[in-house]
Every structure is written in structure tokens, then in C-alpha cells.
Amino acid sequence: MNPLETPFIKTIRREIAFTARDHTVWFWMIIVTCLSVLSVAFGQAEIKHQHVQIQSLVQANEASNTLESSKWNDWGSAAFYHYHMTYDAPSDFAFAALGQRDNQPWKHRIRMLALEGQIYERDVSNPSITIIGRFDFSFLAAFVFPLILIMLLYDLRASEIKAGRYHLLVSSVSHIASLWPLRTILRTTAVLLCLLVPMIFAGAINGTSLSTLLQASIMVLLFTLFWSVVCYIVSAWRQSSAIILTTLVGLWVVTAVVLPAGAKVAIDKAVPLPSGADILLHQRETVNDAWDIPKEITMNNFLQRHPKWANYQPKPPSFDWPWYYAFQQVGDQATENLSTAYRNGRLQRDRIAGWVSLIAPSSLLERSLQSLANTGTAASIDYEDRVRIYHSKLREFYYPKLFRHEPYDKTHLNKVPRFNGR
Amino acid sequence: MMMLQADSLHIKRANRAALNGINFHVNSGEIYALLGGNGAGKSTTLLSFLGFLKPSQGQVRVKGIEVKSNIAAARKVMTYLPESASLYDHMNAYENLKYFLQLAKRHVTESDIQHALNRVSLNQDSWKIKLRDYSKGMRQKVAIALSILRDTDILLLDEPTSGLDPAAIDEFHALIRDLANNGKAILMVTHDVYGACQVAERIGLLRDGQLVGEFSSHSDAPIDPQIVHSAFLRNK
């Protein structure tokens with residue numbers, strides 16, 4: 001038997017031909033394609049902008065350091081005036097899920113000074129975006145796409161009842177499974193393909209790995225499956241299409257809006273955090289106070305944590321670079337508890353939000369795509385941690401030169417650690 | 001052969017008795033018309049044969065199959081033509097017929113479809129026009145063509161002549177007479193007393209879910225519409 005003529009294939013061909021004649025399906029397919037192309041294009045434009053920004057900042061920083069380096073005549077001023085570019089370059093899938101890159105910093109131009117204040121001195125290009133978020137693929141797939149599925153599937157049966165065709169259809173069909181389930185599957189597949197193809201196409205342009213694209217597609221597929229099953233079950237309810245639509249939209253509002261928003265309020269209350277501004281302020285106060293207190297107090301605080309420089313004697317009462325950097329570090333030490341609480345608190349909030357998302361599928365999908373794109377809270381904190389590690393390497397590079405009064409040699413500047421921005 | 005059989009059939013709809021212990025049967029080659037006013041239980045009877053409504057008491061059998069226990073097998077031998085059959089407006093007559101026949105896994109040729117459409121006197125020019133541009137009568141003809149093409153042993157017709165002009169009604173009666181002569185069992189529900197008397201061998205009169213009268217034709221005389229009409233009015 002010709003494989004295309006088997007009863008199963010014939011049934012599928014029958015419903016494909018039927019679905020293809022349905023203008024409503026075409027309408028939603030066009031809408032989903034347009035939205036998907038737009039979301040991917042917005043994401044792509046933002047990522048391109050971030051890459052250009054990183055490249056231009058790195059170049060500008062290099063140029064500035066080169067220009068300024070002629071004025072440096074000791075290790076203290078070299079460390080003070082030398083700026084270091086740190087950044088978290090977007091991953092090759094970030095175009096699909098911009099995530100926390102909207103409201104968490106992904107670039108810092110840091111110096112050998114106290115670090116924590118530099119980290120929390122935010123650079124958010126457009127604060128209004130932190131409220132509404134960007135229209136990216138993850139938002140489209142997680143929040144808008146279920147509504148389109150609902151519009152496409154809610155009256156699958158109710159419309160046939162209203163048109164007086166229901167009994168004719170059901171009494172005519174040889175296997176009921178080849179009617180409603182197949183119609184649901186075909187309609188869902190049609191719009192799902194319209195959603196995924198632009199994302200996969202953009203992934204191919206960006207060099208996204210096949211496994212990442214596959215994982216993202218599976219995540220979206222499972223999410224779509226969830227909503228299709230919900231629509232299928234609710235639309236089987238013998239009620240008017242208005243009641244079915246209201247029920248489905250109500251479910252969407254609860255799972256996509258009420259639950260995540262309610263959970264956020266509860267989590268914020270359950271896990272209080274110090275603010276980044278508190279850390280910044282406390283550190284600045286500590287650093288500024290250092291000018292007014294005896295150097296010994298600062299140095300004692302410093303040496304408790306760094307006894308290897310215990311032999312160093314500050315030069316009273318004149319300005320002394322090692323002492324200056326010591327009180328910068330003491331500034332970091334003073335905010336260590338606040339900073340750790342802030343970091344761990346954010347991680348804890350993120351972990352709880354992850355658990356809550358198990359009952360809020362839209363949040364779960366959005367978080368999963370962000371995790372795949374390295375744009376979630378964990379990725380943002382990981383970047384901060386990498387900046388801290390990098391900053392400690394800078395200190396490891398400069399401290400021996402400062403505390404041992406090594407003569408300045410600008411050829412050594414080539415050995416200054418460089419940040420690996422991925 | 002007894003093709004359709006209702007045995008002490010009770011059906012409840014919205015907590016109210018829609019059918020209250022009716023008994024009747026339809027043999028092969030016979031046209032049986034159920035007459036009754038609005039809400040008498042005519043359509044309920046058809047839907048119970050199709051398995052959409054479950055009896056609270058009694059049973060319905062289709063070709064000996066108890067519908068409740070084997071709905072799929074029962075539906076396979078019946079074709080149902082609903083009142084003002086709404087086929088798909090965005091498809092033409094041809095596409096509608098093909099789709100519904102594919103649904104039923106009934107394989108027919110193009111010439112079978114053409115033959116059926118000719119048989120219901122649907123103008124050939126309109127075969128490829130979308131149904132949204134059809135009159136009610138034309139749609140009904142397509143639905144009748146569908147029931148011809150399904151070629152099942154039993155036809156269940158819900159107000160089949162609704163929307164047809166007098167000439168088309170005559171053609172339709174001739175058509176179902178012909179189908180019955182070829183051994184089909186036909187159960188039709190209708191308001192049309194005169195039409196029913198013209199075409200049916202037997203007429204059952206329904207009132208408040210009960211069969212209150214039954215009339216039969218004889219070989220030499222059809223059912224007298226005056227008698228049925230009087231009974232209909234008495235029991236309205």
C-alpha cells in the first residue's frame with residue numbers, strides 16, 4: 001500500500017485540507033508570524049546594540065588608558081587612573097530572551113578603588129523598560145502565545161454546536177479521535193511553527209547551537225502542549241463559547257499574571273534585601289571616614305585580613321598610596337555583610353520564584369528560556385561574582401608593587417589582568 | 001427486518017421527562033414519520049437513536065445493536081440529516097460532500113458525487129460556489145445528497161423539507177420513496193402533516209414525550225391527512 005494512502009495519513013490529509021481552508025487559522029498564523037518576527041527582530045537589534053556598545057566601550061577605554069598612561073609615574077597613580085572594562089557579552093541565544101539584561105548591569109568600567117559601590121552604581125539605559133520589559137521572544141511565547149491559542153481553540157466545538165453542525169459531524173465521523181483532537185493538534189501545530197520558525201532562523205544567523213535551539217523548541221512545545229490540553233478540556237465543556245472563552249482567559253490571567261505577581265510580593269516580603277544604594281552609601285561613608293581617622297586604625301583593619309603586608313609602615317602624615325588602597329579595601333570589607341546578604345537574598349528569591357513557577361507555566365517558560373540564554377538572575381549574579389574575582393586579581397597584581405615600593409615600570413602594565421567577558 | 005426500535009424509551013433533559021416511555025419501530029424499506037408540536041420530543045427521539053442522549057429507562061436499538069453499549073457501531077449504519085443542515089459556508093458543495101464522506105470513511109468517486117447532486121436537482125452551475133452564497137433550500141439539497149452518498153441502511157431526517165419550495169419537496173419525497181424502495185429504513189420528524197401522509201407508511205403522533213397515536217397506510221390507500229391533522233390538532 002502506498003504509505004500516503006494509509007487511513008491514518010488520509011485522515012491527516014483530510015483535516016489539513018480542512019484547516020487550510022479556514023480563514024481564522026490563516027489569520028492567527030499571520031499574526032503569530034508577524035509577532036514572532038518582530039520579537040526576534042527587537043531582540044536581535046538589542047543584542048547587536050549591546051555588542052556594538054561593548055566593542056566601542058572596550059576601544060574607548062583602551063584609547064583613554066593609552067592616552068592617560070603617559071601621566072602615570074608610580075604604581076599608585078597607575079592603579080588609580082587605570083580603568084578596566086568588564087562586561088558580560090550576550091550569549092548567542094540572548095536575542096530570544098533578554099531577561100535581566102534590561103534591568104541588571106552587564107557592563108562596568110572599574111578601577112582599583114572600593115569595588116562594591118562600583119558594582120551597585122547602576123547603569124540602566126532606560127528605567128521605564130524595567131517596568132514594562134522588552135517585547136522579546138520569551139515574552140511572546142510565554143505570555144502572548146497562550147492567548148492566541150485560546151482564541152484559536154476555545155470554540156472548536158461550541159462554534160459547531162452554534163452552527164448546528166455538531167451532531168452531523170459527530171454522527172458522521174468514523175473515529176471521534178480523528179475529529180476534535182486532530183483539529184486541535186493541527187491548529188496548534190500551525191501556529192506553533194509560525195512561532196518557532198523565525199526564532200530558529202534568527203538562531204541560525206546568530207550561530208546558536210543546535211542543542212540550544214532544540215532545547216528552546218522543546219520547552220515551547222511542552223508549554224504549548226499544556227495550553228492545548230487545557231483548551232481541549234475546557235472547550236469540551238457543553239457551555240456557550242462566551243463562557244468557555246471567559247474561563248480560559250481567566251485561567252490565563254491567574255497563571256500568567258495573578259500567581260507570578262502575588263508570588264513576587266510574597267517572596268519580596270519573605271526574603272527582605274538590603275538595597276544596592278545602601279551598600280553604595282555605607283561603603284562611601286566608610287571610605288570617606290578613612291580620611292578623618294588615624295591611619296593606624298585603617299591599617300589595622302586592613303592587616304587583619306591581609307597579614308602578609310604587616311611589615312608595611314605608612315608614611316605619616318603625608319599621602320600614601322598603599323594606605324589609600326587599604327582604606328578602599330576596608331570599605332569593601334565594611335559592606336561585605338550587606339553585599340553578601342544582597343547577593344544571597346537575590347539568589348534565594350530567584351530560587352523560590354523558580355519553585356513557584358512550577359504552578360505558573362508562563363513564568364516557568366520565561367525563566368527556562370532566560371536560563372538557556374544566560375540572561376536570568378543567576379547569570380547576572382554570576383557576572384557580578386566574576387567582576388569581584390577580577391577585581392581581586394587586580395589587587396593581587398598591584399599590591400606587591402605598592403606595598404613593596406617597587407619602582408614603576410610601564411612595560412609591566414601589559415601584565416595587568418584582563419577581564420574575560422566571554 | 002426491524003432496523004430502528006425504541007422500547008419503553010424514557011429520556012430526561014434538564015431534569016424534565018422529554019420522552020416518557022415511547023415504543024415504536026421502523027422496518028427496512030419503510031418510511032416512518034414522527035409528527036408533533038414544538039417540544040413534543042421528536043428531535044429528542046432522533047438524538048437518542050444517535051446516542052447523544054442516554055435513556056434513563058428503556059432502550060433504543062439500531063439494526064439490533066443496543067445504542068448505549070455500542071454507539072460507534074450504531075452510528076456507522078445511520079445517516080443523520082439535521083434540521084436546516086449547516087454545512088461549511090467556506091466550502092463549496094463538492095468540498096463539503098468530500099469532507100463529510102471522508103469523515104465517515106466512505107469512498108466515492110467524482111461521478112458518484114455528480115450523480116448525487118444531479119439526483120437532488122442541484123443546478124450544476126452552483127456546485128463550485130461556496131455555500132455562503134446558497135439559499136436555505138440549496139443547502140438542504142446538498143445535505144440530502146450527502147445522505148444519499150453515505151448509503152447507509154438507515155436515514156434519520158430532522159425536518160428535511162424545511163426550507164424547500166413545493167416542487168423541491170415533491171422531488172425530495174420521490175427521492176426518499178425511491179431510497180425506501182431500495183431497502184433503506186427512514187425515520188423522519190416533521191411538522192408537515194400533509195407531506196408525512198404523502199410519503200410515510202406509518203406516522204407516529206408525539207405529545208409531551210408520549211406516542212399518542214399511530215397511523216398506517218394500506219397497500220391501496222395512503223394515510224388520510226384529514227384524520228392525522230385532526231388528531232394533531234387535538235393533541236397539540
Side-chain angles (χ1 to χ4, degrees), chain A residues 1-2 4-29 152 155-187 190 236-241 243, chain B residues 13-14 43-44 46-53 62 67 71-92 94-107 130-132 136 139-140 142-143 146-147 149-150 152 154-159 162:
Chain A
M1 186 190 255
N2 180 348
L4 293 176
E5 292 300 319
T6 59
F8 177 68
I9 297 293
K10 273 180 161 177
T11 303
I12 290 176
R13 277 168 48 195
R14 175 198 83 209
E15 281 305 318
I16 287 176
F18 175 81
T19 307
R21 287 194 195 100
D22 192 334
H23 290 177
T24 317
V25 176
W26 282 106
F27 171 77
W28 287 116
M29 282 172 73
L152 199 60
D155 68 344
L156 212 56
R157 272 168 268 211
S159 64
E160 299 292 5
I161 292 170
K162 197 176 171 194
R165 263 188 310 264
Y166 179 81
H167 292 127
L168 174 63
L169 273 170
V170 174
S171 64
S172 298
V173 72
S174 57
H175 295 292
I176 199 73
S178 76
L179 190 60
W180 311 120
L182 192 55
R183 282 190 181 181
T184 306
I185 290 168
L186 286 177
R187 283 173 171 229
W237 197 18
R238 296 298 294 270
Q239 291 292 342
S240 71
S241 41
I243 291 178
Chain B
R13 291 182 89 170
S43 296
T44 301
L46 290 189
L47 293 180
S48 67
F49 277 113
L50 287 163
F52 288 112
L53 299 170
V62 172
V67 175
I71 293 175
R75 283 177 182 165
K76 216 170 251 180
V77 295
M78 291 185 285
T79 299
Y80 170 61
L81 178 59
E83 185 182 359
S84 62
S86 298
L87 300 173
Y88 286 103
D89 276 354
H90 64 279
M91 298 199 278
N92 62 36
Y94 235 85
E95 291 165 342
N96 263 295
L97 290 176
K98 270 187 164 175
Y99 180 71
F100 278 95
L101 291 167
Q102 284 170 348
L103 267 185
K105 294 221 179 328
R106 169 96 180 110
H107 304 290
K130 302 252 185 278
L131 258 64
R132 71 170 73 96
K136 196 177 172 190
R139 287 162 193 253
Q140 198 72 351
V142 180
L146 175 63
S147 48
L149 286 161
R150 280 286 306 275
T152 51
I154 300 162
L155 286 178
L156 303 179
L157 311 174
D158 195 351
E159 305 283 0
S162 146

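Chain identifiers are assigned alphabetically (A, B, ...) following the order of the sequence lines, protein sequences preceding nucleic acid strands; residue numbering begins at 1 within each chain.
Closest approach of B/Lys105 and A/Thr11 over heavy atoms only: NZ-OG1, 3.1 Å. The heavy-atom pair separating A/Gly164 from B/Pro82 by the smallest distance is O-CG, 4.1 Å.
Side-chain atoms of B/Met91 and A/Asp22, non-hydrogen and from C-beta on, never get closer than 4.5 Å to each other. Residues A/Ser172 and B/Arg150 form a side-chain contact, since some pair of their non-hydrogen atoms from C-beta on lies under 4.5 Å apart. Counting only heavy atoms from C-beta outward, the side chains of B/Phe52 and A/Ser171 approach each other to under 4.5 Å.
How far NE2 of A/His167 is from CG of B/Leu156: 12.5 Å, rounded to the nearest 0.5 Å. Distance NE2/B/His90 to CZ/A/Phe18: 4.5 Å, rounded to 0.5 Å. Note: B/Phe100 CZ to A/Arg14 CZ = 10.5 Å, rounded to the nearest 0.5 Å.
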With side chain to side chain contact (heavy atoms under 4.5 Å, CB included) as the criterion, how do B/Glu95 and A/Arg21 come out once you've worked through the C-alpha distance, each side chain's angles and the decisive distance to 0.1 Å? CA-CA 10 Å; B/Glu95 291 165 342; A/Arg21 287 194 195 100; 3.6 Å; yes
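Only the side chain of A/Leu179 comes within contact range of chain B, judged by heavy atoms closer than 4.5 Å. Residue contact with chain A, scored on non-hydrogen atoms closer than 4.5 Å, is absent for B/Leu46.
Under the side-chain contact (heavy atoms from CB on, under 4.5 Å) test applied with A/Leu168, the options B/Leu87, B/Thr79, B/Asp158 reduce to a single match, B/Leu87.
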